[in-house]
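Some notes on the structure that comes next.
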Protein chains: 2
Amino acid sequence: MNTKQRILDEALTLFSEKGFANVFVGEIAERVGIKAPSLYKHYKGKQAIFDAIIEEMHHRFLEQARLLRIRGDNPEQDAEVYGSLPEDRLVRLGLDLFGYELHDDYTRRCRKMLTIEQFHNQDLASAYMSHYVDDPLLYHGALLGTAAGKGVLRAEDVKVMALQFYAPFYLMLTVCDRDPGREAEATGILEKHIRLFNKLYGRSV
Amino acid sequence: MNTKQRILDEALTLFSEKGFANVFVGEIAERVGIKAPSLYKHYKGKQAIFDAIIEEMHHRFLEQARLLRIRGDNPEQDAEVYGSLPEDRLVRLGLDLFGYELHDDYTRRCRKMLTIEQFHNQDLASAYMSHYVDDPLLYHGALLGTAAGKGVLRAEDVKVMALQFYAPFYLMLTVCDRDPGREAEATGILEKHIRLFNKLYGRSV
DNA sequence: GTCTATAAGAAGATAGAC
DNA sequence: GTCTATCTTCTTATAGAC
């Protein structure tokens with residue numbers, strides 16, 4: 001990894017732990033293994049580093065949204081894909097996504113940084129909301145809606161179901177971000193949540 | 001309100017909007033209507049102001065926890081109170097608590113400040129977790145457990161039910177903190193959530 | 001591209017008059 | 001208790017040699 005990229009990497013780590021205002025340029029430089037003035041050959045200043053991080057994050061989030069097939073080029077085709085998923089995979093999907101969000105280093109650091117900085121900048125607040133609330137609700141809404149079968153549920157109910165399915169993941173994610181020692185507890189209760197949810201909303205609706 | 005208290009009040013507002021590091025002593029003083037040096041007659045420094053805010057918050061949170069009858073002196077008596085609640089009140093309880101959390105000025109500012117500062121200080125992270133995750137889960141667990149009747153559900157299920165009931169409130173609270181314009185949407189979907197939850201878990205279990 | 005030296009400025013805190 | 005003036009420290013950023 002080149003110096004320019006390493007600066008972004010170390011800065012993201014520091015920003016996610018202490019927040020933008022509490023990180024000093026010299027601190028970033030030290031972790032990269034250079035002196036502060038050298039850093040200015042790569043970026044115009046501290047703000048420019050932050051902006052570069054946010055830009056990269058936007059790209060990655062967009063990429064991820066595409067992988068989830070939300071906001072893809074062809075929503076109708078996406079719906080067919082959801083419908084073809086075996087029901088069992090739906091059960092595991094939640095825990096897999098949870099594990100990814102929790103363990104992927106880049107994702108985890110971005111989420112913590114957004115949590116700290118979201119009130120400074122409307123753009124960051126929107127990014128947080130899209131990625132951790134609205135996109136997942138759309139995604140699970142599409143999955144649940146298609147899995148339950150057309151016409152079985154009203155459109156409104158799909159939104160409520162998506163909220164009921166996803167919100168526990170969101171809550172336990174915030175728990176584990178603050179106290180990683182509670183991950184086992186989190187996955188345990190989320191497993192029960194998924195099973196109970198499936199029992200209540202099973203095909204017998 | 002005396003000057004000493006007004007300092008805390010204005011400081012809390014600023015800390016909740018910008019975070020501790022981005023608020024300057026002169027800024028707090030200006031809002032109070034004095035000059036920065038005068039402020040040092042009331043508090044030793046910026047950190048002392050923050051500490052005083054946190055101390056007051058802890059007191060209020062403890063008070064609130066008592067009102068919720070969680071961690072009261074007599075858990076057995078509390079359980080009886082829960083059991084005597086008409087089922088209809090359970091339905092409204094959620095929306096009332098949601099409205100309180102959202103509209104009470106002190107609560108809202110504390111929550112936003114904790115959100116920003118939680119990763120700097122383990123004590124703040126714990127306060128956030130207790131007040132916005134663990135206490136509500138205990139509270140709703142006790143309510144739901146008692147309402148469902150002794151022996152009808154296993155103890156584990158009560159924890160999952162509490163999570164499924166409360167998590168949507170938590171998620172929509174974070175939404176409204178970032179974008180107050182979405183409050184109508186939030187209360188709308190939470191109403192549906194409560195009705196659907198009651199239908200699924202109704203006494204016919 | 002990296003360094004040392006240093007400028008420039010911001011912000012917390014104090015001194016001492018009133 | 002409040003003010004003006006000032007000190008001190010910390011941090012960003014630049015200059016210029018290598």
Side-chain angles (χ1 to χ4, degrees), chain A residues 1-57 109 112-114 116-121 123-124, chain B residues 1-57 109-110 112-121 123-124:
Chain A
M1 199 189 288
N2 63 15
T3 305
K4 192 156 185 170
Q5 190 59 38
R6 289 204 56 216
I7 291 171
L8 293 189
D9 189 57
E10 297 294 348
L12 174 56
T13 299
L14 287 165
F15 289 154
S16 71
E17 287 168 354
K18 306 160 59 149
F20 180 80
N22 296 298
V23 174
F24 311 129
V25 175
E27 224 172 339
I28 302 170
E30 190 181 21
R31 293 223 187 173
V32 175
I34 60 179
K35 299 290 180 182
S38 308
L39 190 145
Y40 287 84
K41 296 286 180 183
H42 299 280
Y43 293 95
K44 195 184 173 186
K46 188 178 160 187
Q47 187 63 47
I49 296 173
F50 185 80
D51 293 343
I53 290 173
I54 297 301
E55 198 189 1
E56 187 184 344
M57 184 193 75
R109 286 180 295 168
K112 291 179 81 167
M113 187 179 68
L114 283 179
I116 297 175
E117 302 296 338
Q118 63 190 326
F119 294 119
H120 293 163
N121 185 328
D123 182 49
L124 299 183
Chain B
M1 199 188 286
N2 63 16
T3 304
K4 191 157 185 169
Q5 190 60 37
R6 288 203 57 216
I7 290 170
L8 292 189
D9 188 58
E10 296 294 347
L12 173 56
T13 299
L14 287 165
F15 289 155
S16 72
E17 287 167 355
K18 306 160 57 151
F20 181 80
N22 297 297
V23 174
F24 312 131
V25 175
E27 222 172 341
I28 302 170
E30 190 180 23
R31 293 222 187 175
V32 175
I34 58 179
K35 299 290 181 182
S38 308
L39 191 145
Y40 287 84
K41 296 286 179 184
H42 299 280
Y43 293 96
K44 197 183 172 185
K46 188 177 162 187
Q47 186 63 47
I49 296 172
F50 185 80
D51 293 343
I53 290 173
I54 296 302
E55 199 189 359
E56 187 185 342
M57 183 194 75
R109 286 181 294 168
C110 276
K112 291 179 82 166
M113 187 180 68
L114 283 178
T115 299
I116 297 175
E117 301 296 338
Q118 63 191 326
F119 294 120
H120 292 164
N121 185 328
D123 183 48
L124 299 183

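When reading the values below, keep in mind they use all heavy atoms of this one structure, side chains included, and skip hydrogens, waters and symmetry mates. Lettering of chains follows the sequences in order, A, B, ..., and the numbering in each one begins at 1.
At whole-Å resolution of the value, NZ in B:K35 and P in C:dA13 are 19 Å apart.
The shortest non-hydrogen separation linking A:A21 to B:A21 is CB-CB, 3.7 Å. Closest approach of B:V25 to B:A36, counting heavy atoms only: CG1-CB, 4.3 Å.
The shortest distance between side-chain heavy atoms of B:V32 and B:L39 does not fall below 4.5 Å. Side-chain contact check for B:Q118 versus B:T115: some heavy-atom pair is nearer than 4.5 Å. A 4.5 Å side-chain heavy-atom check between A:E17 and A:N22 finds every atom pair outside the cut-off.
Note on residues 30-45 of chain A: no pairs pass side chain to side chain donor-acceptor pair (under 3.5 Å), not counting sequence neighbours.
Here the straight-line distance linking atom CD1 of A:I49 with atom CD1 of A:I28 works out to 4.5 Å at 0.5 Å rounding. Here the CD1 atom belonging to A:I34 is positioned 6.5 Å from the OG1 atom belonging to A:T3, to the nearest 0.5 angstrom.
Non-hydrogen atoms lying under 4.0 Å from DNA chain D are contributed by A:V23, A:F24, A:V25, all within residues 20-30 of chain A. Of the residues in residues 4-17 of chain A, none has a non-hydrogen atom less than 4.0 angstrom from any atom of DNA chain C. Proximity of residues 37-52 of chain A to DNA chain D (heavy atom under 4.0 angstrom from any strand atom) is restricted to A:P37, A:Y40, A:G45, A:K46.
Running 5' to 3' along DNA chain D, contacts with non-hydrogen atoms of chain B at under 4.0 Å begin and end at D:dT2 to D:dA5.
The side-chain hydrogen bond (donor to acceptor under 3.5 Å, both in side chains) check on A:E55 picks up nothing, with sequence neighbours excluded. Taking the side-chain hydrogen bond (donor to acceptor under 3.5 Å, both in side chains) definition, one finds that B:D51 meets it with B:Q47, sequence neighbours left out. For the side-chain hydrogen bond (donor to acceptor under 3.5 Å, both in side chains) test, no residue two or more places apart in sequence or in another chain qualifies with B:K112. Contacts of A:K18 classified as salt bridge (charged side-chain N to carboxylate O under 4.0 Å, His left out), with partners at least two apart in sequence or in another chain: A:E27.
Side-chain atoms of B:E117 come within 3.5 Å of backbone N or O of B:F20 as a donor-acceptor pair.
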Exercise for review: Test side chain to side chain contact (heavy atoms under 4.5 Å, CB included) on A:L114 and A:M57 and set out the steps.
Suggested key: CA-CA 10 Å; A:L114 283 179; A:M57 184 193 75; 3.8 Å; yes
Which donor-acceptor pairs under 3.5 Å do the side chains of residues 8-15 of chain A make with protein atoms, sequence neighbours left out?
{"from": "A:D9", "atom 1": "OD1", "to": "A:R109", "atom 2": "NH1", "distance (Å)": "3.1"}
{"from": "A:D9", "atom 1": "OD1", "to": "A:R109", "atom 2": "NH2", "distance (Å)": "3.1"}
{"from": "A:T13", "atom 1": "OG1", "to": "A:D9", "atom 2": "O", "distance (Å)": "3.2"}
{"from": "A:T13", "atom 1": "OG1", "to": "A:R109", "atom 2": "NH1", "distance (Å)": "2.7"}

Shorter than 3.5 Å, N or O on both sides, protein versus nucleotides 7-9 of chain C: list them out with atom names.
none

